[in-house]
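Remarks on the structure that follows.
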Amino acid sequence: MTNLEKSIRSRFEVIKGMESFVADNIDLLLKPVSESWQPSDFLPDMAAENRDEQLKDFRLKSENLPDELLVVLIGDMITEEALPTYQTWLNRLEGITDKTGTSSSAWAKWSRGWTSEENRHGDLLNKYLYLTGRVDMRAVEVTIHHLIRNGFDPKTENDPYLGFIYTSFQERATKISHSNVARLAIKAGDERLQKICGMIAGDEARHEKAYRLFMQKIFEADPMQAILSFAKMMKIKITMPAHLMYDGCDKNIFTKFSNIAQRIEVYTVKDYAEIISNLVKGWDIENIKGLSDLAAKAQDYLCSLSERYLNAANRFSFAGSAEKFSWIFDREA
Ligand SMILES: [Fe+2]
Ligand SMILES: [Fe+2]
């Protein structure tokens, strides 16, 4: 057996060894369906007698959202709507795979449970945006269609260590981004959108907690490989899951969307730095002992990484100009 084969084998064994831990904690990490919110809890009831009034009130509140906030919300919704891609990816991680589609293994239950909670995010944001009447829904739907066709490769190589580092990071990133949209929504007078994004951010926070806990267990069982994986993932950099989005005409639409998210401070380089520092502290990287030279180097790299991003963020002043978006009928944002 080569060293690489041995390391893959031991990772697989660590993941298998965590099954009972996941089984014991799954009910704490996921919410029962009976206690879960559903998209219709936050939307006008189209079956009600007073639906016209409900809709009028809904539109009155969403009327004052600035276009740039609308564009960021659309980009976030498109990202959530590519959920089939993320479930497929999760299901490829070694040891996590749901072999039949109804497997009773704890990892398979986790992946189906996580997906079912996530499924409400795109659903709710999609319906919200549709009802505002301010969005070119066809252009948005074309973008979702392209994105799912294009797929996404976060360079995690079906490796559960890299995978759980990626998800720990990404769930925190989405939590931050949805919370910031909630903050801007109330500023623009839309309490409903504040609640919607707040609820979604709450789910992301729970998912973040779960993935960090899984990774914590991996750090305990296999610190050397865990720290090397963390450093490797940070060197690769966390690619945003929707970076291959395309609306059929604008090759730069993802960059334009990210630039606005940076400009209105929904998700910024500073947030990226904060996430790194939060994970480094949370997994207590600094105090992991007994490492090989290579792993100790990775430890040093990780402990100073957030600082480097922060310095870069402070040097970088962002003044993006307004750009056209098909999603809002070619208005500029
Ligand atoms: Fe989500
Ligand atoms: Fe999430």
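Whatever order the structure lists ligands and atoms in, that order sets their numbers, starting from 1.
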Open item on the list: In terms of relative ring orientation, are His207 and Trp110 parallel, tilted or perpendicular, with 30° and 60° separating the classes?
Closed with: perpendicular
Task: Heteroatoms of the protein, restricted to N/O/S, which lie under 2.8 Å from the Fe ion (ligand 1) - done: Glu80 OE1, Glu80 OE2, Glu118 OE1, His121 ND1, Glu204 OE2
Task: Close side-chain approach of Leu93 and Trp107, heavy atoms under 4.5 Å - done: no
Open item on the list: Under the ring pair (Phe, Tyr, Trp, His ring centres under 6.0 Å) test against Tyr166, which residue among Trp89, Phe230, Phe214, Tyr161 passes?
Closed with: Trp89
- [ ] Determine the sole option in Asp57, Asp52, Asn50 for which the side-chain hydrogen bond (donor to acceptor under 3.5 Å, both in side chains) test with Gln54 is passed.
- [x] Asn50
- [ ] Answer yes or no: does atom CG of Asp293 have more than 12 heavy-atom neighbours from other residues, nucleotides or ligands under 6.0 Å?
- [x] no
Open item on the list: Classify the ring geometry of Phe219 against Trp283: parallel below 30°, tilted from 30° to 60°, perpendicular beyond 60°.
Closed with: tilted
